[in-house]
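In what follows, a structure is listed as structure tokens, so that the remarks can point back to it.
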Amino acid sequence: MTPDTFTRSQWYAIGRLPDFEGAEAKPVRLLSQDLTVSDAAGVLSVNDADGRSLLTQIRYGHLWTTLSDTPRPLYDMPEFDEPDRRLVTVGGVGVRCSGLRCVENFLDMAHFPFVHTDILGVEEHPSVESYDVSMDAEKDEIWATKCKFFQPMASAAASGGQMTEYKYRVPHPYSTILYKTCPIREDVWDLVGLFIQPVEEDECIVHSFILVFDEENTDTGLLHFQQNIFLQDRMILENQVPRKLPLDPRWELPTRADASSIAYRRWLKANELQWGVALFNEAA
Amino acid sequence: MKLFDYVLSGNCYKIRLLLDFLELSHEKQAVDFFPGREHKSDAFLQINPLGQIPVLEDDGAYIRDAQAILVYLASRYDPTGTWWPVNDPSELGRVAQWLAFADSITSTASAARLHDVLGYDLDVAQARAGAHKLFRILDDHLANQELQGFNWIAGSNPTVADVACFPYVALAGDGGIELFYYPAIQRWIRRFVNLPRFKLMPGINIFN
Ligand SMILES: N[C@@H](CCC(=O)N[C@@H](CS)C(=O)NCC(=O)O)C(=O)O
Ligand SMILES: [Fe+2]
């Protein structure tokens, strides 16, 4: 299947800047297409298999490209310009499932106690309290707010359990950002996000970042914390069947779909997204 | 005592496991193995010219190679003398034999995992095929041990051979290697995760 218009019109992160230092036609795969990245004296360029040069931009610590000549603008994260914040780019991790499934899993707090036991949740506090979901119509993005969850170790800087408040944002079919209570500063949020590079309909590379206030941990300590958590998710993601996102209403959802997941699926449907979606008939 | 450690490394996990089993207090120095390739930096090459983790620092000396570190820790700090059974030469021979086998698991099963998870450029089909060959041998061996009433690789109690073989066998699924065909390996994994003070690492599916 060729990517639908909504999927095609997006910008995609394809790696961190240092990953392309001195690159000479380094192969990268995006939306089932072979691309190459080259570094000419610090200027990065991306070409498709026919040698056509693609649009690029450098933002949020990553190189972004698009197959479209008229892409939808990349969403803003003004927090990247705030002083004192620490940015850690976690590196691309390959996952054998649709990137859409990674977004959905990221939004689902119910998995914390069972997948991230004793870090992001405890088995004694499994319940997800209700939260608000809204559409920002102007920016065409989803926000889930007032999410609360008891966390024994909400971040590398946490010194004990706390009720953590969350906001989730989905500004892009393959990106999601979570804003969580900063354990060491009042009235600010720490950011954790995923920039997903869809490789095939059922395969992706997840580039994640953290942008936090933290005076205690080294960058490498933050990196280890985040990679450990993401590898816990990876195993769960790879065990999901089918590997693409089941959007067809005829699917019986194996889990209770929660409000943010319903909003995400609705939004994908409203935008007529088809690439990466499992069709009921092709299910074995 | 300080371990130069990377959370996603199965070889570092070997050391973390034994440090916990022996209840040895230690500090960890986090190494940015991925994406930073800190193990290939000039500073790290001073510590280990092979550019590999794990490395253990104890009493001012650096020891590299996971199997060597396991032997060192067990001989020096295991009062029971069971993890590295120096008093039983034939068991000790078997333990040493399976330590070498563990390093072959690293070059196959671990390579497949590096390819699939961290995008390393290598021949993944060859790595998986190599792992399957070794897992067949290990599965037959474990089944044989069970027939003789032994639950562990070298005999009736766990040794550093089990610790050295466990991580990349248990993490094989990360690299697209199914453990479905190896029932004796699955039973051994279940026994291993039930050892006192065992800690799970992400990627290990104990429900398999
Ligand atoms: N024989 C060594 C192998 C260690 C090893 O392969 N470590 C990996 C990380 S888990 C590494 O540092 N690889 C980098 C390289 O070999 O260049 C041991 O058992 O410690
Ligand atoms: Fe998760």
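Chain letters run A, B, ... following the sequence lines, proteins first and then strands; every chain starts at 1.
- What you find for A:G221 and B:A30 is that their closest heavy atoms are N-CB, 4.4 Å.
- Interface residue B:Y6: backbone and side-chain heavy atoms are both found under 4.5 Å from chain A.
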Start with the C-alpha gap between B:D116 and A:V95, add the side-chain angles, then the distance that decides, and say whether side chain to side chain contact (heavy atoms under 4.5 Å, CB included) holds.
CA-CA 8 Å; B:D116 286 6; A:V95 189; over 6 Å; no

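- A donor-acceptor pair is defined here as one N or O able to donate and one able to accept, closer than 3.5 Å; such a pair exists between the side chain of A:Q227 and the backbone of B:F34.
- With sequence neighbours excluded, the residues satisfying salt bridge (Lys or Arg N to Asp or Glu O under 4.0 Å) with B:D5 are B:R16.
- Within the 3.5 Å criterion, the main-chain N or O of B:P202 finds no donor-acceptor partner in the side chain of A:R234.
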Side chain to side chain contact (heavy atoms under 4.5 Å, CB included) between B:M201 and A:N228, worked out
CA-CA 8 Å; B:M201 168 166 170; A:N228 187 54; 5.8 Å; no

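- Put simply, the side chain of A:L231 does not reach to within 4.5 Å of the side chain of B:V7, judged on heavy atoms.
- Contacts with chain A were tallied for B:L118, B:D121, B:D174; B:D174 has the most, counting heavy-atom pairs under 4.5 Å.
- With a 6.0 Å radius and a threshold of 12 heavy atoms from other residues, nucleotides or ligands, A:E24 has its CD atom at or below the threshold.
- Taking CG from A:L223 and CD from B:E38, the interatomic distance works out to 10.0 Å, rounded to the nearest 0.5 Å.
- A:F80 CZ: more than 12 foreign heavy atoms inside a 6.0 Å radius.
- Here the CG atom belonging to B:L200 is positioned 8.5 Å from the OG1 atom belonging to A:T117, to the nearest 0.5 angstrom.
- Of the two parts of B:I204, only the backbone, made up of N, CA, C and O, holds a non-hydrogen atom closer than 4.5 Å to a non-hydrogen atom of chain A.
- The environment of B:K40 atom NZ is dense: over 12 non-hydrogen atoms of other residues, nucleotides or ligands sit within 6.0 angstrom.
- Taking CG of B:D32 as the start and CG of A:L222 as the end, the distance is 11.5 Å to the nearest 0.5 Å.
- In terms of modelled atom types and a separation under 3.5 Å, the side chain of A:H224 and the main chain of B:V31 share a donor-acceptor contact.
- The candidate with the highest count of non-hydrogen atom pairs below 4.5 Å against chain B, out of A:D19, A:V115, A:V90, A:I229, is A:V90.
- Neither the backbone nor the side chain of A:T218 has a heavy atom closer than 4.5 Å to any heavy atom of chain B.
- Open room surrounds CZ on B:R37; 12 or fewer heavy atoms of other groups in view lie less than 6.0 Å from it.
- Within 6.0 Å of atom CD in A:Q57, more than 12 heavy atoms from other residues, nucleotides or ligands are found, so the atom counts as buried in its surroundings.
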